[in-house]
Amino acid sequence: MDRWMPRLAIVLCALDALGRARAASMDPCDQANERGVVSGERVVVGVGYWAGGDVARWGDAHPCGDRATLGAIGVNGVGVVGTTTFVVNSGEMTALRGTRADEDGLYAANASATAMTVVAYTATKRSTPRVVRLETSDPASEGKSGIVSALTLLVTFDEGAVKYLRWHDAGCGNCGGTADARCLPVGEGHHACAASKAGCDGTCSGSACDVALNTTDALRCQLTVTMATSGTDANKEVFVAGGQLERLSKYASSGAYASAAASASAAVTGVTGFIGR
Ligand SMILES: *[C@@H]1O[C@H](CO)[C@@H](O)[C@H](O)[C@H]1NC(C)=O
Ligand SMILES: *[C@@H]1O[C@H](CO)[C@@H](O)[C@H](O)[C@H]1NC(C)=O
């Protein structure tokens, strides 16, 4: 079986409400999806994960252009690179989130992994990698460990064509600042708040329990990528990035940003299963 075939392809998106879906594929690797984007219409974005792949290891590998190579990377025949596809409204700030089960499962596929990294991509463009899981034994860990709860992605367009995907450093204002044990180094000097593994697994006790597992706070045990758009669309209209980033910083300072409250404001959209497994 081709490991890169999605085992599940659910597409939930703002399109239904818009009622003007273009007849195109939901594949982020389809180059037709990275141009001609109109504000308020859909854009397809992929997020690729690598269990045990550190930031450097990604090199220039692209989940589309190098899909055969990346798909073949595995441990005991089980792939450790997985991707998730999101179909979102380009005119709105959106929260991209897979499932904790998929994220945990992929990470577990590489038993010796001390880190997991992600890249965001469209057919030919790719962000730099970011760390989303870390063990204290990882050389880049600064002695910290945990599961990164949230990252912020800015997708910039030039007349409707994807120009680049870049991470915005949301910092650790939410979790006690850079020195805090829950503030992980995620790459390029950026930091992000994380939940502890023990807190997420319920194996903690007392004050070490940093996650309320019986509430939506449990969403901090997996990655949510908050995505905003900037630049110009196919009609040369400017995406309202300024306002979106203002909202992002509001989430960051209110604490809602990394938690479920953010998902109430920013619609959670499409998910497809991991395809590295
Ligand atoms: C699994 O993780 C280890 C430790 O990070 C890494 O050295 C190894 O290359 C990873 N395996 C694969 C197949 O990526
Ligand atoms: C969640 O669990 C804690 C500790 O057991 C409890 O105090 C709290 O009321 C629970 N919250 C909900 C929403 O059930």
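Each ligand, and each atom within it, is numbered from 1 in the order the structure gives.
- Taking a 6.0 Å sphere around CG of N235, one finds it holds more than 12 heavy atoms contributed by other residues, nucleotides or ligands.
- Under 3.5 Å, the side chains of E34 and T124 contain a donor-acceptor pair of N or O atoms.
- By the 4.0 Å N-to-carboxylate-O rule, D54 lies too far from R57 to be salt-bridged with it.
- For atom 5 (O) of ligand 1, the closest non-hydrogen atom of the protein is G52 O, 3.5 Å.
- Among all protein heavy atoms, the one lying closest to atom 9 (O) of ligand 1 is R57 NH1, 2.8 Å.
- Residue contact check: I73 has heavy atoms under 4.0 Å from atoms 13 (C), 14 (O) of ligand 1.
- Which parts of ligand 1 touch T114 is read off a 4.0 Å heavy-atom cut-off, strictly below it: atoms 5 (O).
- Ion pairing between R133 and D104 holds under the 4.0 Å rule for side-chain N and carboxylate O.
- Considering only non-hydrogen protein atoms, atom 4 (C) of ligand 1 sits nearest to S112 O, 3.1 Å.
- For the pair E103 (side chain) and L223 (backbone), a donor-acceptor distance under 3.5 Å is present.
- In this structure, atom 2 (O) of ligand 1 lies nearest to the protein heavy atom N110 ND2, 2.4 Å.
- For residues 62-85, every residue pair satisfying the ring pair (Phe, Tyr, Trp, His ring centres under 6.0 Å) rule, not counting sequence neighbours, is listed here: H62-Y121.
- Not close to ligand 1: G53, with no non-hydrogen atom less than 4.0 angstrom away.
- Residue pairs meeting the side chain to side chain donor-acceptor pair (under 3.5 Å) criterion with at least one member in residues 182-204, sequence neighbours excluded, are R100-D201, T128-E188, R130-E188, R130-H190, S196-D210, K197-D201.
- Applying the 4.0 Å criterion to heavy atoms of V80 picks out, from ligand 1, the atoms 12 (C), 13 (C), 14 (O).
- Every atom of ligand 1 with a heavy atom of G74 under 4.0 Å away is listed here by number and element: 13 (C).
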